[in-house]
Amino acid sequence: MPEPVRLLLVCLGNICRSPMAEGALRARLREAGLAHAVEVDSAGTGGWHAGQAPDPRAIACATRHGVELGQLRARQLDPRDFQQFDWILCADQDNLRDVRARAPASARARTALLLPWAGHAGHAIPDPYEGDASDFEHVWRLVDAAARTAVRERRWEPGD
Ligand code: 4NP
C-alpha cells in the first residue's frame, strides 16, 4: 500500500474556511473511495482560536450540506507541517504569503492557493468571519466545488 498523500488546508483562524475545506475534501474523498489514499488536516496561520471547534456558522453551513465539522479543533500552523505534508493549500494570498515566509529551506511541502490548485477560476476564498450566513454559503460553494474537482482530477498527483 503506498503512503497516503497528505494535504493541509490553511486559513487565518482555522475556524471558518480551512475546516470547511477540510470537511468538504474528506466527504468527497470518502464518496470516491479515496479516504485511505489522501489524508486531510487544517491549520491557521494565527493561533488565537487554537483548541476551539469551528465557528458555529461554519458548522451550521456544513451541516446544511450534509457534512459534520463539530469534531474538528483549531490549531496553528507548526514548523513540522512543512515536513509532514505534501501540499499546504491556502485560502487567500495573505495566508500563502505567511505560510511561505515560515517555510524552512528544507520544506518538503509544496504551497499553493486552494482554488487554482484545484483547477478553479478565482484566487481568494473570502474571509466570512465578519459576514453573515450568506458569506458562509459562498465559502461552502467555493470549497466544495474545489474539493469535487480536486478529487475527480486527482490534483495531488505529480504532474505538470
Ligand atoms: P478563517 O476566519 O481564517 O476562515 O478561520 C477567521 C477566523 C477568525 C479571525 C479571522 C478570520 N479572527 O480575526 O479571529
Side-chain angles (χ1 to χ4, degrees), residues 4-29 38-59 61-62 67 69 72-151 153-160:
V5 173
R6 305 195 72 213
L7 308 180
L8 183 67
L9 286 312
V10 169
C11 63
L12 177 60
N14 193 211
I15 55 168
C16 300
R17 292 166 293 176
S18 60
M20 292 170 83
E22 177 181 353
L25 256 173
R26 284 181 190 275
R28 303 317 156 213
L29 287 164
V38 183
E39 290 180 6
V40 186
D41 193 9
S42 65
T45 56
W48 316 283
H49 296 282
Q52 294 177 12
D55 187 289
R57 298 164 297 175
I59 294 176
C61 177
V67 172
L69 301 185
L72 299 178
R73 293 293 177 269
R75 71 173 181 89
Q76 188 169 17
L77 182 71
D78 184 285
R80 287 168 296 192
D81 291 327
F82 289 97
Q83 308 308 332
Q84 287 170 356
F85 287 88
D86 297 289
W87 284 100
I88 298 178
L89 302 167
C90 299
D92 66 29
Q93 281 289 0
D94 289 346
N95 308 144
L96 183 63
R97 190 194 56 229
D98 290 347
V99 164
R100 287 183 173 164
R102 294 180 208 183
S106 60
R108 163 174 163 237
R110 297 170 71 185
T111 56
L113 287 173
L114 174 62
L115 294 185
W117 175 83
H120 273 262
H123 285 271
I125 300 168
D127 182 352
Y129 189 63
E130 304 288 347
D132 61 19
S134 70
D135 298 296
F136 281 82
E137 280 298 326
H138 181 58
V139 169
W140 181 264
R141 278 197 298 277
L142 293 174
V143 300
D144 196 33
R148 289 172 189 275
T149 308
V151 169
E153 298 184 359
R154 312 277 198 273
R155 302 293 293 194
W156 52 83
E157 289 181 353
D160 51 81

With heavy-atom distances below 4.5 Å as the criterion, would you say the side chains of [X] and [Y] are in contact?
| X | Y | value |
| --- | --- | --- |
| L89 | V10 | no |
| N14 | Q76 | no |
| D94 | L12 | no |
| D55 | F136 | yes |
| F82 | R108 | no |
| W87 | L8 | no |
| P128 | R57 | no |
| V99 | L77 | yes |

Quick test of your reading of the model: are D92 and R17 salt-bridged, counting only N-O distances below 4.0 Å?
yes

Apply the salt bridge (charged side-chain N to carboxylate O under 4.0 Å, His left out) test between D41 and each candidate in R6, R80, R26, R75; give the one that qualifies.
R75

How would you list, by chain and number, every residue that makes a side-chain contact (heavy atoms from CB on, under 4.5 Å) with A147, sequence neighbours excluded?
A24, L25, R28, D144

CA sep, side-chain torsions, deciding dist, call: R102, T45, side chain to side chain contact (heavy atoms under 4.5 Å, CB included):
CA-CA 10 Å; R102 294 180 208 183; T45 56; 3.7 Å; yes

Is the backbone N or O of A145 less than 3.5 Å from a side-chain atom of H120, with the two atoms forming a donor-acceptor pair by type?
yes

Determine yes or no for a side-chain-to-main-chain donor-acceptor pair under 3.5 angstrom, with D98 supplying the side chain and N95 the backbone.
no

Which pair of heavy atoms, one from Y129 and one from D127, lies closest together, and at what distance?
N-OD1, 2.9 Å

